[in-house]
There are 2 protein chains.
Amino acid sequence: MNEVIRVLVADDHAVVRAGIVALLAAEPGIEVIGEAVDGEHAVELALSLRPDLVVIDVRMPKLTGDVATARIRERAPEVRVLVLTTYESDASILSAIEAGASGYLLKAAPAEELIAGVRSVAAGEVALSPTIAAQLVARMREPAPAALTPRETEVLRLVADGLSNREIGERLFLGESTVKTHLLRTFEKLGVNDRTRAVTLAMQRGLI
Amino acid sequence: MNEVIRVLVADDHAVVRAGIVALLAAEPGIEVIGEAVDGEHAVELALSLRPDLVVIDVRMPKLTGDVATARIRERAPEVRVLVLTTYESDASILSAIEAGASGYLLKAAPAEELIAGVRSVAAGEVALSPTIAAQLVARMREPAPAALTPRETEVLRLVADGLSNREIGERLFLGESTVKTHLLRTFEKLGVNDRTRAVTLAMQRGLI
DNA sequence: GCAGGAGTCCACCGATCGGTGGACCCGAGA
DNA sequence: TCTCGGGTCCACCGATCGGTGGACTCCTGC
């Protein structure tokens, strides 16, 4: 690898963007060729600049990191994507990887880890933060990944808003019994037995 | 103001720290004299280095930003504090300002705003992000700031964990009726009428 | 010294929820 | 073709919750 690694940095937070750029630009063999401030912008620049890799934040305006990743990989498969997240427990970890991300690091990671991650991904390898790798393995071991159906998610979101089963039924043009069925199934998937815990768990996992 | 502004940067995220440092160090008249990786470290360095101001993240290991702010202001009142947050709706905004912070900016703020904020605070002024300023005003207008008592917070946290009133009573050595009393008062303060909505609201406001 | 708020406790009732055990339709994939 | 899973619906029951209206202790502040 004697070529310079050309990197596009995408993050809506100015300070974070500056941080990634500062860390990467200081490294020999790494060059930051562009900065994007939201998801759409990231996709545009990725397609026009064709960097070796994009360092992208999961949570961004306009397009979330995982959707942006999918768009980039779809139209420019040779561009690799390294996703950054603030939270260890983010539902988008899985979806970003499914979307074709080659790495997933925590923002809390030390600078060396980020730089090593960039080099690994540019070299065609995969880069995962240890905690995220452990989480992936854990999810694989669990038989049920607790993926909620669209309807279940919809119902749970209304529960989070404090609506009763009857009110949810009215809102969704469903019978109260149907709402309860969805909810019961949701409880089962999440391994809880009351609506409140279901909501907090779903929020923590980024499900709603 | 012909002197150089001496700044201490405290953030547990390496990339964010690097970003703030990069943005500030590039400015004439601003010098970064130290970096802290957690709350305790920030207090230590603030006391030993005596910077003109500390740029500090709200959420940090060991000591949260507001507590660290209070400690610094207590033992070194001449050191000003500028707090950074990721979230607009953070309960710690108020407590940080009460603790003596001179400014409160969003990490999503453009670089110029951060730099202007640093200069303002160093000059003895106050720096607030527009959205945060608006939020403060809104809170002032509301008669009840919905501050929960320690007991109410404790009960609500257990509710969030999915415990029933009876279970919470057992856990806290209280009667079930007492738990209900606390909850009812909590509902009133938050303006809701069911436990689930109370929990989601409290989570959104950073109360639990 | 006394008001007021936090914390504790009680009884009681109607409403809602959790849980069970069904049933039917329909579309996708084996 | 037929199975399987998502989505819809129903009845029924006991458990729990929301809400009311009290009452008693502390402790802090005016």
Which value, rounded to the nearest 0.5 Å, describes the distance between [X] atom [atom1] and [Y] atom [atom2]?
X	Y	atom1	atom2	value
His182(B)	Leu156(B)	NE2	CG	12.0 Å
Glu188(B)	Arg185(B)	CD	CZ	8.0 Å
Leu106(B)	Leu114(B)	CG	CG	11.5 Å

*asked:* Please identify the 5'-most and 3'-most nucleotides of DNA chain D with any atom under 4.0 angstrom from a heavy atom of chain B.
replied: dT16(D) to dT20(D)
*Hey, which of these two, Leu172(A) or Glu176(B), hits DNA chain D nearer its 5' end, going by closest nucleotide?*
Leu172(A)
Are any of the side-chain nitrogens in [X] or [Y] under 4.0 Å away from the carboxylate oxygens of its partner?
X	Y	result
Glu176(A)	Arg166(A)	no
Glu154(A)	Arg151(A)	yes
Asp11(B)	Lys107(B)	yes

*Compare all side-chain heavy atoms of Leu23(B) with those of Val21(B) and state whether any distance is below 4.5 angstrom.*
no
*With the side chain counted from C-beta on, respond yes when Val118(B) and Leu82(B) share a heavy-atom pair under 4.5 Å apart, and no when they do not.*
yes
*Within residues 156-168 of chain A, find the residues that approach DNA chain C with a heavy atom at under 4.0 Å, and present them sorted by residue number.*
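Correct list: Ser164(A), Asn165(A), Arg166(A).
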*Mind running a 4.0 Å heavy-atom check of residues 178-186 of chain A against DNA chain C and sending the residues that fall below it, in number order?*
Lys180(A), Leu184(A)
_CA sep, side-chain torsions, deciding dist, call: Val55(A), Leu53(A), side chain to side chain contact (heavy atoms under 4.5 Å, CB included)_ = CA-CA 7 Å; Val55(A) 175; Leu53(A) 77 93; 3.6 Å; yes
*Might you work through the side chain to side chain contact (heavy atoms under 4.5 Å, CB included) test for Thr86(A) and His13(B), ending with a clear yes or no?*
CA-CA 9 Å; Thr86(A) 308; His13(B) 291 50; 3.7 Å; yes
*So what does Thr149(B) hit on the nucleic acid, given a heavy-atom distance under 4.0 Å: a base, only sugar-phosphate, or nothing?*
sugar-phosphate
